[in-house]
Visitor: 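Handing you a structure now.
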Amino acid sequence: MTTRSTRIVVVSAGLSVPSSTRLLADKLGSAVERAVGARGHEVDVEHVELRPLAHALADHLLTGFPSGDLARAIEAVRHADGLVVVTPVFSASYSGLFKTFFDVLENGMLDGKPVVIAATAGTARHSLVLDHALRPLLAYLRAVVVPTGVFAASEDFGATDDGALDKRVERAAGELAALLGGPAAAEATAPRRRSVEAEFAAPTPFEQLLREAGGDTVR
Amino acid sequence: MGMQIGIFTVGDVTPDPTTGRTPTEHERIKATVAIAKKAEEVGLDVFATGEHHNPPFIASNPTATLAYIGAQTENIILSTATTLITTTDPVLIAEDYAKIQHLTDGRVDLMMGRGNTGPVYPWFGKDIRQGINLAIENYALLRRLWTEANVDWEGRFRTPLQGYTSTPRPLDGVAPFVWHGSIRSPEIAEQAAYYGDGFFHNHIFWPASHTQQMVRLYRERFAHYGHGTAEQAIVGLGGQFFMRKNSQDAVREFRPYFDNAPVYGHGPSLEDFTRQTPLTVGSPQEVLERTLSFREYAGDYQRQLFLVDHAGLPLKTVLEQLDLLGEILPEMRKGFAEGRGADVPDAPTHASLVAAAGGAHDVTVHAEDTMTGTTDREEIDA
């Protein structure tokens, strides 16, 4: 049993300071920390805000490689055991900035990674963005999305009577914690696509590459 | 020679952002020849051309370009950057480059690449998703075509061969040296290492960490496959500069070209990009020092190629850049020789390959005369 902390990365794409997207990200980060902690695991929550990475993301699209803080953010996501991703709703979907971050991740980086999806908007009429935009995006990336998505309209930040938002936050965090089950379990999830990093660490012997070129796909 | 220093071109037809003028294909093709001849004149060792099959490039049919340049030069090695091993029939590659070998008395080698222009694959009847497999199968066949006079072969990606002899046979019985180029595919470094061929990293446009990771993998695997120590692996790197006597003049003149360049234009600033990649814009001394620093992460290596005719720079400017490169060339050679490991091999040439093979052997395959049962050779000898 490994003794390292469970690593959670919270990716949020709010643009204003402060933003309701970051507020929701903070709520989710804290809830996940409690939920994972409650299962007796050390947990380390890191926030990745995309706003300060906006220029670097545009540069990455043009140059093909990440610079500075963006490279560090991508590495944090690569090594995360679970993710919380939060976007504002722009034009009936996730924001372009949010999508760009997922566009530049190497294929396979999210394979099998447990994820909570969340979004904010001025009105609850946008809430299906979670299931019509974020969930398919993460499914394509082969992440494992927990059943509860957390949507917060502006009004949710005031309506504390029944604590409906907090309930959804707690439920999503609990679902993520259950999927994580500690670092060892996270590492033993579904088989992942072989990453470039893995290939560098243990190159496929050339005889095997020759066999695969000939159509043999058995490893 | 220990270290080969040269240039490579991708043959792009790009507007000059300072004048708005775009050269014609004819001008660009002729400029490519002028640049290659200038490269020889200033004492460079290698001229390499890319291969593209779509506008805005004039780099289709690289073998015609290389043969034409070969006829007008004496010493410079002609190479490619890269030859599309995925979409070009290896049978044609075997013929074409063996022919240029004979025409230029061995002044040719080539660099294999996969090509990243999606539609080129279907245009040539291939599937980009099979890129690595195509590179592996096609190159395995190419090697056999050069080393075996009579080839029976069957694979996945081209029609089978029975009793096939690729002609002409390689000059002096020695195939052209092959480099494998890749930016981020460990499988290609593995391929180069397996065969003991050279590995070239494009290097430009990428952070040094990319280059370092690929070169290290290639070196380790080269040793693993028993071709020598990791330090004895054959490494080449790209590079990119713009220089003027005065550093500030270089920055001022190059900035509009940088800002509008097809590859990285409208993205990072010139200052950020020069920090993040090997691009050096400054004085000849700065270019010299930066170039010599590549060894810090690539180790002692064999071939340095610079990209100089790009981003819409006019021919006159490119030729001036080559003059400036020629001026620092002796210092660059001296710098590369300094502290070079005693076991580090020289850059491969036709002469060194012939020597390693124990001398030149004519390997002409003479057809048998079906009437008399004799061969051409027997008739000549008789």
Side-chain angles (χ1 to χ4, degrees), chain A residues 50 52-79 96-97 100-101 103-109 140 142 192-219, chain B residues 86 116 130-141 154-157 182-197 202 204-218 220-222 224-225 261-269 272-273 275-277 279:
Chain A
L50 298 185
L53 304 178
H55 277 273
L57 280 164
D59 286 350
H60 190 335
L61 292 180
L62 299 179
T63 64
F65 66 86
S67 58
D69 287 345
L70 176 58
R72 282 185 281 280
I74 291 173
E75 285 314 295
V77 167
R78 184 196 302 281
H79 295 112
L97 178 63
T100 302
F101 183 72
D103 285 346
V104 302
L105 297 181
E106 186 191 325
N107 273 347
M109 198 187 280
Y140 168 77
R142 301 188 194 168
R192 297 170 186 188
R193 279 172 280 189
R194 199 163 161 79
S195 68
V196 172
E197 295 305 317
E199 196 63 42
F200 276 116
T204 305
F206 192 73
E207 271 88 359
Q208 176 66 33
L209 293 176
L210 267 175
R211 280 195 296 276
E212 288 175 9
D216 178 359
T217 56
V218 178
R219 288 238 173 193
Chain B
T86 47
N116 59 3
Q130 295 291 344
I132 293 277
N133 288 337
L134 282 161
I136 288 171
E137 176 176 298
N138 285 350
Y139 181 61
L141 171 57
E154 194 174 343
R156 266 170 97 190
F157 299 116
S182 178
I183 293 160
R184 207 57 186 138
S185 299
E187 296 89 344
I188 299 302
E190 175 75 10
Q191 181 187 32
Y194 176 81
Y195 291 112
D197 292 340
N202 161 293
I204 61 174
F205 311 149
W206 305 99
S209 56
H210 273 40
T211 307
Q212 182 175 26
Q213 196 177 28
M214 285 289 279
V215 170
R216 185 192 295 141
L217 176 69
Y218 161 67
E220 283 171 3
R221 301 299 288 175
F222 181 93
H224 168 83
Y225 285 113
V263 177
Y264 39 67
H266 310 286
S269 68
D272 281 348
F273 204 68
R275 201 166 42 244
Q276 293 162 357
T277 75
L279 171 64

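Below, chains carry the letters A, B, ... as their sequence lines are ordered, and counting in each starts from 1.
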Visitor: Just how far is it from atom CD of A/Q208 to atom CD1 of B/I136, taken to the nearest 0.5 Å?
Guide: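 A/Q208 atom CD to B/I136 atom CD1 measures 10.0 Å (nearest 0.5 Å).
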
Visitor: So, for B/P268 and A/D59, which heavy atoms are closest and what is the spacing to 0.1 Å?
Guide: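 Looking at all heavy atoms of both residues, the shortest contact is N-OD1, 3.1 Å.
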
Visitor: I need the minimum non-hydrogen distance between A/G214 and B/R156, along with the two atoms involved.
Guide: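 Heavy atoms only, the tightest pair is C-CD, 3.3 Å.
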
Visitor: Please round to the nearest 0.5 Å and tell me the distance separating atom OG1 of A/T204 and atom CD of B/E190.
Guide: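 Between A/T204 OG1 and B/E190 CD, I get 7.5 Å after rounding to 0.5 Å.
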
Visitor: Enter the distance from A/E106:CD to B/R184:CZ here, rounded to the nearest 0.5 Å.
Guide: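 These two atoms lie 6.5 Å from each other.
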
Visitor: Calculate, to the nearest 0.5 Å, the distance between atoms CD and CD belonging to A/E212 and B/E137 respectively.
Guide: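 Taking CD in A/E212 and CD in B/E137, the distance rounds to 13.5 Å.
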
Visitor: Decide if atom CD of B/E154 counts as having more than 12 heavy atoms of other residues, nucleotides or ligands within a radius under 6.0 Å.
Guide: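 For B/E154, atom CD is not crowded (no more than 12 foreign heavy atoms under 6.0 Å).
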
Visitor: With a 4.5 angstrom heavy-atom cut-off, which part of B/S185 approaches chain A: side chain, backbone, both or neither?
Guide: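 The answer is neither part of B/S185.
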
Visitor: Please work out which of the three classes, parallel, tilted or perpendicular, describes the rings of B/W206 and A/F65, given edges at 30° and 60°.
Guide: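 Judged by the thresholds at 30° and 60°, the geometry between A/F65 and B/W206 is tilted.
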
Visitor: Quick check: closest heavy atoms across B/L217 and A/P203, and the distance to 0.1 Å?
Guide: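 Scanning both residues, the minimum pair turns out to be CD1-CG, 3.6 Å.
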
Visitor: Can you name the nearest heavy-atom pair linking A/P205 to B/R221, along with the distance?
Guide: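 What the structure gives for the nearest pair is CA-NH2, 3.9 Å.
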
Visitor: Rounded to the nearest 0.5 Å, what separates atom CG in A/L209 from atom CD in B/Q191?
Guide: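 Result: 8.5 Å between the selected atoms.
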
Visitor: Which heavy atom of B/A140 sits nearest a heavy atom of A/L210, and at what distance?
Guide: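 Smallest heavy-atom distance, with atoms named: CB-CD2, 4.3 Å.
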
